[in-house]
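The structure appears right after this line, and notes come after that.
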Amino acid sequence: MDNQLADTKKEVLLKWSALVGLAVLLAILFMFLGFRQFQVSDPYTKRVLSIDGDPVQGHAIFQMNCAGCHEWVLESQIGPYLEGISQRKSDVAIIKQVVSGQTPPMPQFQPTDREMADLLSYLKQM
């Protein structure tokens, strides 16, 4: 009888543990989705993400504004090489990086919606 009671307590404890674990996972998921929605709620970012960018124009923008620091030219490179950047950062993170100027020595850059969409399109092809 004591073994049955102990087994029943273990089952109840296991079920409660599973439910608590599931609740924690769901809470984390909802927080992540809510944060993502908050990030994209910025009007500038929303507009940029709604535009299909032109990678050719994006390349031209990159050459004029970014290549001086981000192209791989022997040892004179100031900023990181951006090949594969779209696999490491989300579009929202890239937009914030470009327009914020929060990572010196990178200057704050305020491209138009179209220019930023074009630049994102080019960066995805790098």
Side-chain angles (χ1 to χ4, degrees):
M1 178 94 169
D2 286 336
N3 280 344
Q4 282 183 332
L5 187 56
D7 288 344
T8 303
K9 285 183 179 179
K10 286 179 184 177
E11 286 179 27
V12 170
L13 184 60
L14 185 61
K15 286 179 182 178
W16 274 105
S17 297
L19 284 174
V20 168
L22 181 60
V24 168
L25 285 174
L26 286 173
I28 291 170
L29 176 65
F30 285 128
M31 286 183 347
F32 175 75
L33 291 175
F35 181 69
R36 171 90 170 117
Q37 183 62 32
F38 176 74
Q39 283 183 317
V40 182
S41 66
D42 169 43
Y44 175 78
T45 302
K46 275 186 175 180
R47 288 191 309 269
V48 169
L49 295 175
S50 71
I51 300 170
D52 288 328
D54 178 358
V56 173
Q57 288 296 328
H59 181 255
I61 293 166
F62 183 85
Q63 290 300 315
M64 288 187 302
N65 298 285
C66 314
C69 295
H70 291 284
E71 274 198 334
W72 195 263
V73 183
L74 299 175
E75 295 179 21
S76 64
Q77 179 178 349
I78 296 169
Y81 189 53
L82 298 178
E83 183 175 348
I85 189 68
S86 63
Q87 284 80 41
R88 296 187 307 273
K89 288 188 172 229
S90 69
D91 290 351
V92 172
I94 293 170
I95 292 168
K96 289 189 184 294
Q97 180 78 36
V98 169
V99 300
S100 74
Q102 293 179 346
T103 51
M106 185 169 163
Q108 188 174 12
F109 174 49
Q110 292 295 320
T112 65
D113 303 351
R114 163 63 58 195
E115 291 169 338
M116 189 67 229
D118 292 344
L119 184 58
L120 272 176
S121 181
Y122 171 69
L123 291 173
K124 287 179 184 180
Q125 291 187 348
M126 284 186 82

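Every value quoted in this text rests on a predicted model; they were computed, and no experiment measured them.
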Please round to the nearest 0.5 Å and tell me the distance separating atom [atom1] of [X] and atom [atom2] of [Y].
{"X": "K96", "Y": "K89", "atom1": "NZ", "atom2": "NZ", "result": "11.5 Å"}
{"X": "I85", "Y": "L120", "atom1": "CD1", "atom2": "CG", "result": "11.0 Å"}
{"X": "I94", "Y": "R88", "atom1": "CD1", "atom2": "CZ", "result": "9.0 Å"}
{"X": "H70", "Y": "I78", "atom1": "NE2", "atom2": "CD1", "result": "9.0 Å"}
{"X": "L123", "Y": "H59", "atom1": "CG", "atom2": "NE2", "result": "10.5 Å"}
{"X": "S121", "Y": "I61", "atom1": "OG", "atom2": "CD1", "result": "10.0 Å"}

Only pairs at least two apart or in different chains count here, so list each ring-ring contact (aromatic ring centres under 6.0 Å, His included) that has a residue in residues 82-108.
none
Any side-chain heavy atom of V99 sitting closer than 4.5 Å to one from Y44?
yes
Could you tell me whether the side chain of P111 reaches within less than 4.5 Å of the side chain of V98, counting heavy atoms only?
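Side chain of V98 against side chain of P111, heavy atoms only: contact under 4.5 Å found.
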Expected output: side-chain R47 to main-chain R114 donor-acceptor under 3.5 Å:
no
Checking D118 side chain against D54 main chain: does a donor-acceptor pair fall under 3.5 Å?
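Side chain of D118 to backbone of D54, a donor-acceptor pair under 3.5 Å: yes, one is there.
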Is it the case that one hydrophobic cluster holds both Y122 and I51, taking links as side-chain heavy atoms less than 4.5 Å apart, direct or via other members?
no
Just to verify, what does K124 make a salt bridge (charged side-chain N to carboxylate O under 4.0 Å, His left out) with, not counting sequence neighbours?
D91
